[in-house]
There are 2 protein chains.
Amino acid sequence: MHNILSNLRVDINSSLYLKDPESSQLGINIVKSSIDLIDANGIEEFNFKKLARVIGSTESSIYRYFENKHRLLLYISSLYWGIMEFQMVVQTNNMSGSLEKLLKAVETLFSTPQTKCTSFEIEGQKLRHILNSEFVKAYHHKLVDEENEAGCFSIYKRLVSRLSEMIVEVNSDYSFSKSLASVIIEGSLNQYFLSEHFHNLTDCHSKDNLYLFYKDLLTKTLMS
Amino acid sequence: MHNILSNLRVDINSSLYLKDPESSQLGINIVKSSIDLIDANGIEEFNFKKLARVIGSTESSIYRYFENKHRLLLYISSLYWGIMEFQMVVQTNNMSGSLEKLLKAVETLFSTPQTKCTSFEIEGQKLRHILNSEFVKAYHHKLVDEENEAGCFSIYKRLVSRLSEMIVEVNSDYSFSKSLASVIIEGSLNQYFLSEHFHNLTDCHSKDNLYLFYKDLLTKTLMS
DNA sequence: CAAATATAATAGTAATACTATCATTTAATA
DNA sequence: TATTAAATGATAGTATTACTATTATATTTG
């Protein structure tokens with residue numbers, strides 16, 4: 001794996017866009033305002049017509065950047081996971097104890113994304129909120145296999161792999177490192193969603209509680 | 001001879017339909033064929049026009065049973081969770097050891113739903129496949145709060161509560177029984193989905209492996 | 001300045017997700 | 001059996017969505 005510390009730019013797979021939104025002010029406006037709109041009203045209510053109105057542009061111009069709103073959601077998702085991966089690597093870099101390293105990695109998963117390392121001025125809380133509510137729709141999609149093939153999920157998959165490797169470092173005899181990693185990353189979104197909409201289906205109503213839940217789970221599962 | 005299972009009526013919240021589909025042959029055809037179609041092509045490709053064509057009826061007739069395809073998906077989901085709840089209760093009934101009981105409950109979560117005990121002739125595998133791919137869309141939805149209020153998720157929530165209670169029975173000091181229960185039930189769908197579409201993000205490619213993963217997780221988390 | 005490129009303005013299309021109306025068939029009941 | 005009510009079918013229509021196409025006008029670059 002290449003060292004992402006050297007370049008602060010989240011490198012997003014070019015299959016996700018038609019024209020790189022970071023290459024122009026219009027592109028930046030598209031991404032920035034789409035995050036505002038999707039955060040506010042969800043992906044179902046969102047469309048390019050509304051977005052065009054907000055940024056003072058037109059549908060046809062937006063379509064030159066993104067094939068459709070689904071691809072734009074995949075782009076936003078990759079941005080999120082890229083930031084989380086970056087934070088995770090920075091935070092755990094040079095840590096010696098494998099368990100401490102894993103727990104620190106998990107802790108960063110529950111923290112707000114630091115969007116300063118992108119070209120966009122985005123509020124991290126909005127980005128997280130979108131992922132909590134909409135990411136499952138990004139991959140529970142009829143084209144998931146061909147999009148996966150095209151690399152649309154590469155950052156996400158790399159993050160799961162990183163976490164899985166950290167689990168192996170803690171306990172090389174453990175047989176389910178990938179499943180455990182995906183459960184945790186999935187939970188880093190879903191438990192927030194449950195807290196918001198199905199309050200009684202989770203005990204974790206804060207970042208801190210979430211961390212305690214998974215810390216307990218990981219420690220017992222891997223160390224006993 | 002009548003099996004107790006043949007008397008099962010999954011009691012589905014009436015807010016999910018306009019006219020009870022179990023009350024007529026047309027209603028039964030709607031549910032049965034919608035499961036075939038959604039299983040085959042996913043909820044996005046599915047609509048009432050196509051369904052009407054398949055069952056030899058009309059859009060307007062279908063709209064008399066279900067407000068829209070989203071509500072129909074909620075109905076199908078409730079059917080699934082109702083069957084799973086029933087199986088779980090039957091399988092764990094009269095078991096004495098709390099851990100064994102919990103593990104048996106979890107094992108049934110990964111088994112195929114026994115649909116013979118409903119009014120519909122449904123293939124359980126299709127039902128499971130739909131839930132694996134589409135259930136997240138049923139609750140990551142703009143109307144989730146009002147639908148939740150109306151009782152559209154009551155069976156699902158009751159199932160999570162039951163599992164949570166079994167966890168408490170095993171270890172009353174454990175602080176995260178609800179979160180753990182929701183993680184497991186969520187995983188009972190998502191790990192199957194990962195196996196199908198993101199093969200490398202899970203270690204569990206069979207029912208048996210899935211059970212071993214969660215058995216290990218539960219035993220260590222609650223017993224150490 | 002000319003040429004290339006990006007964006008805007010406008011129009012149009014096919015499909016979707018419904019709603020409305022009325023005719024007809026089927027079932028319930030008196 | 002006749003009458004009525006309920007269920008279903010046939011047909012049409014609407015607003016919205018998710019695009020595509022075309023041409024005009026800026027803006028950038030060589």
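The analysis underlying the following values was restricted to heavy atoms, covering all of them including side chains, and did not include hydrogens, waters or symmetry mates. On a predicted model such as this, the values are computed, not experimentally measured, just so you know.
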For this session: Before accepting this row, confirm whether a basic side-chain N of the pair B/E44/B/K137 lies closer than 4.0 Å to the acidic partner's carboxylate O.
Result: yes

For this session: Please work out if A/K49 contacts a base, only the sugar-phosphate, or nothing of the nucleic acid, heavy-atom cut-off 4.0 Å.
Result: nothing

Exercise. Base, sugar-phosphate, or nothing: which does A/Y63 touch, judged by heavy atoms less than 4.0 Å apart?
Worked result: base

Exercise. Base, sugar-phosphate, or nothing for A/Y65, non-hydrogen atoms under 4.0 angstrom?
Worked result: sugar-phosphate

Exercise. The side chain of A/R64 lies closest to which of these nucleotides: D/dT8, D/dA18, C/dA8?
Worked result: C/dA8

Exercise. When you check the phosphate oxygens OP1 and OP2 of D/dG9, does a side-chain N or O of B/S60 lie under 4.0 Å from one of them?
Worked result: no

For this session: Could you tell me whether A/E85 and A/R158 have a side-chain N and a carboxylate O separated by less than 4.0 Å?
Result: yes

Problem set entry | Atom pair distance, as rounded to whole Å: CG in A/L18 and C1' in D/dT20 | 13 Å

Seminar exercise, completed: Whole-Å distance, B/E44 CD to D/dT17 P, equals 17 Å

Exercise. Between atom CD1 in B/I55 and atom C1' in D/dA7, what is the gap in whole Å?
Worked result: 14 Å

For this session: Take atom CZ of A/F46 and atom P of D/dT16, then tell me their distance rounded to the nearest Å.
Result: 18 Å

Exercise. Crowded around B/K49 NZ? As in, over 12 foreign heavy atoms under 6.0 Å?
Worked result: no

Exercise. Counting just side-chain N and O atoms, does B/T58 come under 4.0 Å of either OP1 or OP2 of D/dT8?
Worked result: no

Problem set entry | Parallel, tilted or perpendicular, as decided by the 30° and 60° cut-offs, for the rings of B/F176 and A/F213 | tilted

Exercise. Is the shortest side-chain N/O distance from A/S61 to OP1 or OP2 of C/dA8 below 4.0 Å?
Worked result: yes

Seminar exercise, completed: Between CZ of B/R53 and C1' of D/dA10 the distance, given in whole Å, is 15 Å

Exercise. Does a side-chain N-to-carboxylate-O contact under 4.0 Å join A/E121 and A/K116?
Worked result: no

Exercise. Contact class for B/S24 vs. all strands (heavy atom < 4.0 Å): base, sugar-phosphate, or nothing?
Worked result: sugar-phosphate

Exercise. Between A/F66 (CZ) and C/dT7 (P), how many Å, whole number?
Worked result: 13 Å

Exercise. Would one find a side-chain N or O of A/N68 under 4.0 angstrom from OP1 or OP2 of D/dA18?
Worked result: no

Exercise. Between atom CD in B/E59 and atom C1' in C/dA20, what is the gap in whole Å?
Worked result: 13 Å

Problem set entry | Side chain of A/S57 (C-beta onward), nearest among D/dG9, C/dA8, D/dA18 | C/dA8

For this session: Can you tell me the distance, in whole Å, between the CD atom of B/Q25 and the P atom of D/dA7?
Result: 16 Å

